[in-house]
Amino acid sequence: MEEFTSPDQLRAWVRARRDEGQRIGFVPTMGFLHEGHLSLVTAARQRGEAIVMSIFVNPLQFGPNEDLSRYPRDLERDRALAQRSGVDALFVPSVETMYPHGSETRIIPGETASRWEGAARPGHFAGVLTVVAKLFNLVVPDVVCFGQKDMQQALLIRRMLRDLDWPIDFVIVPTVREADGLALSSRNVYLKNGAREQALSLSRALAKAAECWLAGEKSASRIRSAMESVFHMFPAIGVEYIAIAEPESMQPVDTVDAWTVVAVAARVGTTRLIDNIVLGQGVR
Ligand code: PAF
């Protein structure tokens, strides 16, 4: 596996692979890799011959009171995992490389970013789209893979590709979970003592929504009530939102179907967690 900190070196490497006729797969990450990230590499490998992974904790997508300074980092471990999972080139730029002095241009998302995560984290999606657009311009991938765990992010990036006529294949890869249902996240490392038990409330509430759907329930408000009753069993959980939404725009719906996205955000102490399912697919 090659490793680059310089965009010029990365570009030269990508150009050489493309000249050899290889398709470039790209997996952007913020590091502290887990099986969820590695499943993105597997998905990229199935669709391309040369796989680039970036590791960059993007300051632009963190709010002033968020966890940028304590976001978990372990480059040595990430390197080993990336290599083992079949990454061919690791791009690890510095903040100065990505945002040199004077850099001020941003990608501003539309309506789809205004609710749920976008409402809870003002500016977050502009930060995500800006860094992702920059990375796409540096890597020039043929195919990119993003996790379903950040569903609204994935929808917004797919929308950006369409809106800006970017000829890149876009793949959303299902969330990877622990055996008990907890969605893998780099932030799970924050879950100490009883917090991990409380965190299970998210996947349990989503499983309840899927159970309601399978039992024939079509009313979003009744599904929401059933999910709230699950959250009530977890006293230390602070629910931020339960979104029952249309899968393109994330607009709330009154009546659900198999493609409806059910997304939740909740706090356990200072840790903020998100999870979601597509209703007809359940918690898998
Ligand atoms: O999902 C993430 O890890 C980040 O939001 C991303 C897409 C790498 C952009 O910083």
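One-based numbering, in listed order, for ligands and for the atoms of each. All heavy atoms count here, side chains included; hydrogens, waters and symmetry mates do not.
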Which N/O atoms of ligand 1 sit under 3.5 Å from a protein N/O, and at what distances?
from: ligand 1; atom 1: 1 (O); to: Gln153; atom 2: NE2; distance (Å): 2.8
from: ligand 1; atom 1: 5 (O); to: Gln61; atom 2: NE2; distance (Å): 2.9
from: ligand 1; atom 1: 5 (O); to: Gln153; atom 2: OE1; distance (Å): 2.7
from: ligand 1; atom 1: 10 (O); to: Gln61; atom 2: OE1; distance (Å): 2.6

With sequence neighbours left out, what residues match Phe231 under ring pair (Phe, Tyr, Trp, His ring centres under 6.0 Å)? none

Under 4.5 Å side-chain heavy-atom separation, chaining through any Ile, Leu, Val, Met, Phe, Trp or Tyr, what else clusters with Leu184? Say none if it is isolated. Val176

Under the ring pair (Phe, Tyr, Trp, His ring centres under 6.0 Å) test, which residues partner Phe32, sequence neighbours left out? none

Tell me, do Phe56 and Pro28 make a side-chain contact under 4.5 Å, heavy atoms counted? no

Once rounded to the nearest 0.5 Å, what's the spacing between atom CD1 of Ile51 and atom CD of Gln46? 10.0 Å

Would you tell me whether Tyr241 and Glu117 have side-chain atoms, one donor and one acceptor, within less than 3.5 Å of each other? yes

